[in-house]
J.: 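Next up is a structure, given as structure tokens.
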Amino acid sequence: MTEDFVTNEISKNSKKLRIVFMGTPEFAVPALKKLIEKYDVVAVLTKEPKPVGRKMILTKSPVHIVAEENNIPVLTPKSFKDPLNITNIQMYHPDMIVVCAYGLIIPEKILLEPKYGCINIHASILPKYRGANPIQRAVLNGDRMAGITIMSMDKGLDTGPMLLKEAIPVPQNMTYGELEQELSIIGSNLIVNYIDNRDNILPQHQTNEFTLAPKLEKGEEKINWQNTATNIHNLVRALNPRPYATFEHNGNTIKLIKSEVVNEQTDKPTGTVLNNKLDIACGKGTILRILSVQKSGGKIIDTKSFLNGYKIEIGEILK
RNA sequence: CGCGGGAUAGAGCAGUCUGGUAGCUCGCAAGGCUCAUAACCUUGAGGUCAGUGGUUCAAAUCCACUUCCCGCAA
């Protein structure tokens with residue numbers, strides 16, 4: 001009924017709902033594209049262009065670029081402390097605001113603005129993993145399942161009522177980057193699914209059994225060979241494609257790009273290099289195989305190539 | 001002008017400081033050996049030493065500039 005009304009009012013094109021989209025990284029791009037296809041995305045908010053790389057080139061966010069390609073107005077407020085930034089959003093009269101990995105806390109005044117609410121695409125099965133880094137945490141913890149929750153935002157951090165969920169299995173060797181890519185597609189489908197069926201969806205309140213997914217701290221990327229092979233493998237996966245897990249050897253920092261758990265046991269001390277396939281003894285007698293690495297200043301290479309030009313002796317003990 | 005590393009055979013590297021025959025570990029090709037292997041033996045092909053200019057009897061190597069690649073930091 002509501003849709004009919006809107007359709008009649010804007011009968012010139014099939015786009016109906018007026019949406020303001022807020023998002024920043026690649027993860028948000030599939031959702032934005034889907035929304036542009038089906039609805040009327042009247043404005044996009046994203047983080048301001050940042051200097052990036054060795055040459056400090058000002059780089060627009062992936063969302064920023066897609067928005068411009070579609071001739072959608074882009075706003076890049078530094079924060080919402082300035083009331084003018086809030087007024088700017090109100091000017092677009094959004095029916096709904098869709099948020100996906102935006103990077104700024106959104107004040108309640110904006111959350112209450114659109115008549116169909118402020119909807120967030122969150123990359124976990126809430127209430128598990130509230131916070132900034134749910135995908136990485138899921139991989140790091142070796143979760144077998146991950147997913148997306150579409151939720152209605154309130155003033156808390158990922159605490160609002162849940163609207164739609166979808167979970168997928170996480171294969172044992174999937175990296176953070178691969179999982180993020182899959183989830184971003186699922187998120188884009190789910191948000192459209194929600195918008196089209198929103199009249200039939202009942203909000204569900206979150207239970208109190210929540211966990212948090214904080215950002216990774218500096219130092220967490222360093223490999224401790226005392227941990228089990230599975231734990232180290234999860235760290236390697238969770239930090240791929242950035243910033244990668246690392247270990248030290250003769251003063252060189254070596255990034256461990258890909259690994260796998262070897263289904264055998266060893267009685268050698270932890271850190272021992274077991275053979276020329278770079279199987280390493282880890283905690284509790286478990287074994288981790290190093291598949292590809294990167295030296296600083298070098299490219300990502302497989303273990304065999306690496307050993308052709310870099311000496312690691314069998315029997316050496318890595319710290 | 002944020003800090004740093006690099007470009008040498010298909011891959012990964014040494015050689016550069018101290019100029020003087022283009023090397024190593026692999027891969028590839030051919031042959032041999034083995035019950036067998038990311039095993040071993042023999043032989044072979046494969047290079048504009050990133051580019052341009054300079055110094056020199058002589059430059060991968062020293063000097064200047066250019067292009068491209070990568071790590072850190074944000």
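Each chain gets a letter, A, B and so on, in the order the sequences are listed, and its residues count up from 1.
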J.: Quote, to the nearest angstrom, the P distance that separates B:C26 from B:U42.
T.: 13 Å
J.: What is the distance, to the nearest angstrom, from the CG atom on A:Asn252 to the C1' atom on B:G12?
T.: 15 Å
J.: My understanding is that a pair needs two contacts under 3.5 Å, Watson-Crick or G-U wobble. By that rule, which nucleotide pairs with B:C13?
T.: B:G23
J.: Check each of A:Thr228, A:Asn234, A:Asn227 against A:Asn231 using the side-chain hydrogen bond (donor to acceptor under 3.5 Å, both in side chains) test, and report the only one that passes.
T.: A:Thr228
J.: CD1 of A:Ile301 versus P of B:C26: gap in Å, rounded?
T.: 15 Å
J.: Does B:C72 have its OP1 or OP2 closer than 4.0 Å to a side-chain nitrogen or oxygen of A:Lys255?
T.: yes
J.: To the nearest Å, how far apart are A:Lys304 NZ and B:C28 C1'?
T.: 12 Å
J.: According to side-chain contact (heavy atoms from CB on, under 4.5 Å), who are the partners of A:Leu179, at least two apart in sequence or on a separate chain?
T.: A:Ile135, A:Val139, A:Ala146, A:Ile168, A:Val170, A:Met174, A:Leu183
J.: Taking atom P in both B:C24 and B:G15, what distance in whole Å separates the two?
T.: 15 Å
J.: Look at atom CD of A:Gln172 and say whether more than 12 heavy atoms of other residues, nucleotides or ligands are closer to it than 6.0 Å.
T.: no
J.: Check whether any side-chain nitrogen or oxygen of A:Gln294 sits under 4.0 Å from OP1 or OP2 of B:C70, and answer yes or no.
T.: no
J.: Would you kindly compare A:Arg242 and A:Lys277 by the position of their nearest RNA chain B nucleotide and give the one closer to the 5′ end?
T.: A:Lys277
J.: Whole Å only: how far is the CD1 atom of A:Ile257 from the P atom of B:G71?
T.: 9 Å
J.: Could you check which nucleotide pairs with B:C72 in any of the strands shown, counting Watson-Crick or G-U wobble with both distances under 3.5 Å?
T.: B:G2
J.: With clusters defined by side-chain heavy atoms of hydrophobic residues (ILVMFWY) lying less than 4.5 Å apart, directly or transitively, does A:Val99 cluster with A:Phe80?
T.: yes
